[in-house]
K.L.:
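Below is one structure. I have some questions about it.
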Number of protein chains: 2
Amino acid sequence: MPIEDFKWWGWGDAAHRTEVKPAQGDAIRAELGVGPGEGAEPVALEAVELPPARPLPDAVVRAAGGKEAVLTADADRVRRAAGRSYPDLVRLRSGRLEEAPDAVIVPSSRESVEALLAACAEAGVAVVPFGGGSSVVGGLDAVDGGHAAVVSLDMAALRAVDLDRTSLTARLGPGLRGPEAEKALGRLGHTIGHFPQSFEQATIGGYAATRSAGQASSGYGRFDELVTAVELTTPSGAIRTLQTPHTAAGPALRELVLGSEGTLGVITEVTCRVRPLPDERRYEGWMTRDWVAGREIIRELAQHGEEPDVLRLSDEEETRVSLRLSGAEGMQKKALDAYLALRRRSAGCLMICGWEGDHESVRRRRALGHRRLRAGGAVPLGAAAGRSWEKGRFEGPYLRDELLGMGVFVETLETSHTWSRLDELYQAVGGALKDALGKQSIVMCHLSHAYPDGASLYFTFMARSRAGEEIAQWREAKSAACDAIVATEGTITHHHAVGRDHAPYMTAEVGELGIEALRAVKDRLDPAGIMDPGKLLPA
Amino acid sequence: MPIEDFKWWGWGDAAHRTEVKPAQGDAIRAELGVGPGEGAEPVALEAVELPPARPLPDAVVRAAGGKEAVLTADADRVRRAAGRSYPDLVRLRSGRLEEAPDAVIVPSSRESVEALLAACAEAGVAVVPFGGGSSVVGGLDAVDGGHAAVVSLDMAALRAVDLDRTSLTARLGPGLRGPEAEKALGRLGHTIGHFPQSFEQATIGGYAATRSAGQASSGYGRFDELVTAVELTTPSGAIRTLQTPHTAAGPALRELVLGSEGTLGVITEVTCRVRPLPDERRYEGWMTRDWVAGREIIRELAQHGEEPDVLRLSDEEETRVSLRLSGAEGMQKKALDAYLALRRRSAGCLMICGWEGDHESVRRRRALGHRRLRAGGAVPLGAAAGRSWEKGRFEGPYLRDELLGMGVFVETLETSHTWSRLDELYQAVGGALKDALGKQSIVMCHLSHAYPDGASLYFTFMARSRAGEEIAQWREAKSAACDAIVATEGTITHHHAVGRDHAPYMTAEVGELGIEALRAVKDRLDPAGIMDPGKLLPA
């Protein structure tokens with residue numbers, strides 16, 4: 001799907017919006033203290049104000065393939081000017097962009113990427129690689145870093161698919177969006193199994209550049225675990241890692257490219273593991289006694305290698321809000337309430353478990369999972385709860401757009417820690433967000449991406465939007481949460497990446513010498529400093 | 001076990017030698033054309049000739065804690081002068097060392113490592129970090145890189161053990177040898193599950209620095225997969241990665257430290273995953289129709305996530321030699337031959353499968369494995385074959401010492417590739433070794449470390465030693481194999497690391513820009529170039 005078919009001001013398919021039922025809307029407004037007339041629809045695309053486009057040097061235009069290959073129309077620039085964080089959405093909807101790329105170039109081959117980067121380095125033009133535009137950490141901000149102009153390098157034309165059925169790997173172009181890659185591989189009977197919430201927009205190159213983790217990563221692995229080889233095109237040439245299942249030949253360069261977020265160069269090819277399409281998929285809901293009981297079930301599952309392919313646990317608050325927003329009404333709602341009361345799980349935590357694969361493997365692993373779930377005191381909610389989650393698994397960002405339109409501030413962030421410090425992190429971050437947002441707010445969390453040694457925590461938080469001070473409100477909450485993470489020695493990001501928003505916390509994450517090591521690599525591969533200025537590394 | 005209790009001239013426990021029965025010895029001599037009187041026992045330690053020790057600058061002696069902390073006796077230097085590759089053993093046994101560290105220092109804390117490295121950088125003294133001394137790629141060669149002297153930094157004093165039972169991780173000192181770490185954790189009911197053939201000598205720091213893979217890595221994971229956090233002390237300070245199960249905060253610095261082989265700094269702490277001790281261990285042998293049939297069984301197992309914890313397949317030649325050397329004689333041998341003839345597997349390939357864990361998990365996974373083994377035409381050899389492999393799993397290097405004493409040239413090397421190119425690699429490397437060693441040689445291989453996308457190949461090769469030209473003979477065979485690997489785009493090493501021997505092949509492995517990126521990191525962390533000169537990076 002071309003970029004023009006996506007919303008320029010919000011999430012996903014321009015033809016799709018999520019319906020918020022009046023009762024749901026009223027409930028949210030009431031909880032957060034939002035008045036009925038608050039919020040606004042986005043301005044028209046033509047009305048967006050953005051800085052005038054600075055001209056590109058002739059050498060860059062030539063390297064791009066001539067004037068017609070350099071897109072400078074406002075609409076093209078607006079569509080690549082931001083990711084999809086709350087501040088991004090606020091700026092887009094209000095139609096006031098302080099930054100935007102001066103031009104967009106869509107290179108047609110790896111060779112043209114190489115020529116373009118060389119020309120930009122020579123001419124001093126900053127380059128922001130662009131994949132699906134789904135960054136939620138300011139990864140697409142058009143920072144010029146003191147250079148004469150900023151080019152958005154849209155990788156949309158590099159979309160090759162080459163399957164190795166014997167080795168179960170696929171060489172993929174970085175510009176393939178999630179659904180397109182899955183469709184092409186699916187026709188050949190295979191899947192990557194990587195389904196982040198950003199699936200519809202995000203690209204293969206973006207997955208790799210940001211160390212994306214998907215909803216089924218317990219079963220299929222995070223994207224960085226699926227990548228077996230990578231090609232990075234930099235202003236100084238290309239790095240290609242060998243296509244072997246493993247090597248002990250020194251530090252892993254593949255792991256230096258993964259997570260480099262465009263600051264070292266552009267990912268121009270990714271080889272990743274694939275699997276045969278699953279014959280069967282079984283998703284279901286369970287209700288645990290409480291957050292701690294659910295966490296312990298997940299720890300048991302992960303430490304025994306018995307995790308379902310999808311595994312997530314909502315805390316009490318997320319469970320309450322999910323059930324309230326699920327749209328279950330009347331008889332259905334009453335029946336669920338009665339059942340939970342009967343099983344003494346009225347104040348419990350919702351857990352979603354999903355198994356995928358051939359029938360025999362699903363049967364066997366599901367039985368193992370059920371044993372642990374029951375032993376931990378969870379009670380089954382059945383397949384309907386699983387289907388409900390599955391149906392809504394990509395709807396979150398659509399709903400967010402509607403909430404913004406209602407005058408609600410809503411944002412998410414994630415982190416991770418070892419099992420022995422996970423509760424400390426949970427309390428610290430949740431507490432910091434609540435303090436920052438005030439009493440009339442919703443701060444909820446789910447645990448996902450479980451490992452033998454720990455797990456990730458994903459927070460969603462909402463409050464009444466402070467009209468006209470949206471960015472300041474966001475910054476207060478975000479800083480409070482990040483400071484709490486740093487103080488607890490959790491990671492600043494489990495899978496959203498660093499971008500511009502987390503760059504100030506990178507020194508806490510990897511130390512000063514760690515920053516020096518990363519900077520040394522950047523200086524060597526990108527001596528002119530044109531690759532994605534202002535991202536990843538602290539100023 | 002202190003270094004003085006190990007053989008200075010060969011492998012492992014000084015009190016242990018493997019017995020080669022006269023019939024076995026005769027068979028090997030006959031196959032390789034070695035005369036009965038060839039070979040020699042090693043010289044006495046006192047008779048070893050090594051270059052005179054150059055004095056260390058005063059500042060380094062002071063940083064070490066004074067003169068008595070600087071070991072300069074020949075015996076101390078000889079014990080840290082070499083690893084355990086064939087050329088290392090040839091040089092040690094003959095008592096002629098062209099290179100040796102000028103002094104040995106055994107720092108007592110991370111702080112003293114930091115002070116020492118700073119002093120060495122200031123004074124221009126090269127540092128070779130020393131763990132278990134088990135490198136088989138020249139990783140311990142005392143190369144001065146143009147500096148005034150070379151210090152061997154023996155990490156033997158850093159041996160802390162700190163278990164986190166909740167997160168199933170342990171913080172470990174780099175100087176712990178395999179058995180000591182397992183014993184300490186075993187007393188607490190846990191195991192790392194990392195059992196490379198070098199287990200008896202190798203250390204935690206060495207495992208991490210070289211990306212070690214163990215015999216049970218199909219089940220427990222390679223060591224680089226087990227490490228969750230690492231501390232690297234460099235001449236410019238320390239890098240510590242956060243102790244979280246995962247992070248997407250930029251390129252993975254942990255993966256930059258793993259495999260750095262002492263060239264960036266010294267690993268001063270490792271946090272790795274552990275597991276409860278298995279209740280049960282079941283090892284058994286199977287015989288496949290042939291190499292290709294066995295390889296396909298392993299591919300099926302790996303691609304369905306049904307690998308046993310230990311999984312290895314010998315090719316026809318290794319199977320033949322193993323059975324011949326197993327010591328099975330008389331009735332036992334006849335019974336096996338008759339059984340294999342009956343099952344039409346007389347010319348088959350030996351496969352070892354091992355399952356570990358709680359009873360239920362072993363039962364379940366073993367049943368899954370058996371289904372694939374039978375479907376692929378393998379026939380069971382029972383638990384005796386498994387026990388026989390288990391009994392001899394750490395004996396290989398002891399046997400090698402005896403073979404050297406008999407006048408046999410014997411060496412190993414390993415590589416890996418995708419399933420679709422594994423046969424090409426197998427043929428190329430095997431053919432190159434056979435060509436280099438001549439008709440009267442043994443070139444055998446096993447497949448181990450299976451992944452969904454490929455596997456590693458481990459070659460063992462033997463010939464009559466060319467007395468007085470041992471190193472040249474080794475170099476010819478080694479170069480032929482390495483050139484074949486490079487031409488086939490396999491990796492120069494799956495788990496033996498790079499050291500000095502593979503450094504010339506690193507450009508083929510990671511490309512010129514890849515080398516530049518690694519060099520940039522080294523220049524920043526070790527600007528004086530004192531850390532392990534001549535290793536990892538090409539000259």
Side-chain angles (χ1 to χ4, degrees), chain A residues 164 166-169 210-211 228 234 236-253 255-256 258-260 273 303 416-420 451-455 489-498 502 506 509-511 513-514 516-518 520-521 523-525 536, chain B residues 164 166-169 210-211 228 234 236-253 255-256 258-260 273 303 416-420 451-455 489-498 502 506 509-511 513-514 516-518 520-521 523-525 536:
Chain A
D164 175 346
T166 307
S167 309
L168 289 184
T169 58
T210 61
R211 296 184 169 269
T228 65
T234 83
S236 307
I239 290 182
R240 281 174 208 91
T241 64
L242 278 187
Q243 221 162 302
T244 64
H246 178 66
T247 173
L253 284 176
E255 298 279 349
L256 201 62
L258 299 172
S260 60
R273 292 190 177 136
Q303 294 189 339
S416 83
H417 219 320
T418 52
W419 293 114
S420 54
Y451 306 91
D453 54 330
E489 297 175 294
T491 176
I492 200 67
T493 175
H494 174 272
H495 60 268
H496 280 174
V498 179
H502 291 150
M506 274 296 278
E509 180 89 21
V510 304
L513 195 58
E516 286 294 300
L518 295 176
V521 177
D523 289 350
R524 195 69 61 110
L525 301 183
L536 188 61
Chain B
D164 175 348
T166 307
S167 310
L168 290 184
T169 58
T210 61
R211 297 183 169 268
T228 64
T234 83
S236 308
I239 290 181
R240 281 173 209 94
T241 64
L242 278 188
Q243 222 161 301
T244 64
H246 178 67
T247 172
L253 284 175
E255 298 280 348
L256 201 64
L258 298 172
S260 61
R273 293 189 176 136
Q303 294 188 337
S416 83
H417 220 319
T418 52
W419 293 114
S420 53
Y451 305 92
D453 55 329
E489 298 175 295
T491 175
I492 200 67
T493 176
H494 174 272
H495 59 268
H496 280 174
V498 178
H502 291 151
M506 274 298 277
E509 182 89 20
V510 304
L513 195 59
E516 286 294 299
L518 294 176
V521 177
D523 290 349
R524 193 70 61 112
L525 301 184
L536 187 61

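Throughout, protein chains are lettered first and strands after them, A, B, ... in sequence-line order, and every chain is numbered starting at 1.
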K.L.:
Using non-hydrogen atoms only, which part of B:Thr169 is less than 4.5 Å away from chain A: side chain, backbone, both, or neither?
P.N.:
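B:Thr169 touches chain A through side-chain heavy atoms alone.
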K.L.:
Can you name the one residue among A:Arg211, A:His495, A:Glu509 that meets side-chain hydrogen bond (donor to acceptor under 3.5 Å, both in side chains) with B:Thr247?
P.N.:
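That would be A:Glu509; it is the only one of A:Arg211, A:His495, A:Glu509 passing the side-chain hydrogen bond (donor to acceptor under 3.5 Å, both in side chains) with B:Thr247.
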K.L.:
Looking at chain B, which one of A:His502, A:Gln243, A:His494 has the largest number of heavy-atom pairs inside 4.5 Å, strictly under?
P.N.:
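Among the listed options, the one with the most contacts to chain B is A:His494.
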K.L.:
Answer with side chain, backbone, both or neither: which region of B:Leu168 has an atom nearer than 4.5 Å to a non-hydrogen atom of chain A?
P.N.:
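Both backbone and side chain.
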K.L.:
Tell me which of these, A:Thr210, A:Ile239, A:Leu258, A:Val510, has more heavy-atom pairs under 4.5 Å with chain B than the rest.
P.N.:
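Of the options given, most contacts go to A:Ile239.
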K.L.:
Below 4.5 Å, heavy-atom pairs only: which of B:Leu525, B:Ile492, B:Thr418 has the largest tally toward chain A?
P.N.:
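With the most close heavy-atom pairs to chain A, the winner is B:Thr418.
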K.L.:
For A:Ser167 and B:Ser420, indicate whether the former's side chain and the latter's backbone hold a donor-acceptor pair under 3.5 Å.
P.N.:
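At least one qualifying donor-acceptor pair exists.
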K.L.:
With a 4.5 angstrom heavy-atom cut-off, which part of A:Leu536 approaches chain B: side chain, backbone, both or neither?
P.N.:
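Only the side chain of A:Leu536 comes within 4.5 Å of chain B.
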K.L.:
Between A:Ala249, A:Gly237, A:Pro452, A:Ala517, who has the most heavy-atom pairs with chain B when the cutoff is under 4.5 Å?
P.N.:
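With the most close heavy-atom pairs to chain B, the winner is A:Ala249.
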K.L.:
Using a 4.5 Å cut-off on heavy atoms from C-beta on, say whether the side chain of B:Leu513 contacts that of A:Thr234.
P.N.:
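Yes. Closest side-chain heavy atoms under 4.5 Å.
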K.L.:
Got a second to check how far A:Leu256's CG is from B:Leu253's CG, nearest 0.5 Å?
P.N.:
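Answer rounded to 0.5 Å: 8.5 Å.
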K.L.:
Is there a side-chain contact between B:Pro245 and A:Thr491 in this structure, where contact means two heavy atoms from C-beta onward sitting under 4.5 Å apart?
P.N.:
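Side-chain contact under 4.5 Å: no.
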K.L.:
In terms of heavy-atom pairs under 4.5 Å, which option from A:Arg240, A:Met506, A:His496 contacts chain B the most?
P.N.:
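Option with the top pair count is A:Met506.
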K.L.:
Any non-hydrogen side-chain atom of B:Arg524 less than 4.5 Å from a side-chain atom of A:Asp523?
P.N.:
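The answer is yes, as the side chains (C-beta and beyond) meet within the 4.5 Å cut-off.
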K.L.:
Mind checking whether B:Pro251 and A:Leu518 have side chains closer than 4.5 Å, heavy atoms only?
P.N.:
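Side-chain contact under 4.5 Å: yes.
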K.L.:
So, does A:Ser416 use its side chain to make a donor-acceptor pair with the main chain of B:His246 at under 3.5 Å?
P.N.:
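Checking the backbone N and O of B:His246 against the side chain of A:Ser416, a donor-acceptor pair under 3.5 Å is found.
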K.L.:
A:Asp453 and side chain to side chain contact (heavy atoms under 4.5 Å, CB included): which partner among B:Thr244, B:Thr228, B:Asp164?
P.N.:
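That would be B:Thr228.
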K.L.:
Using a 4.5 angstrom heavy-atom cutoff, name the option from B:Gly454, B:Gly250, B:Gly514, B:Gly511 with the most pairs to chain A.
P.N.:
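Most heavy-atom pairs within the cutoff with chain A belong to B:Gly250.
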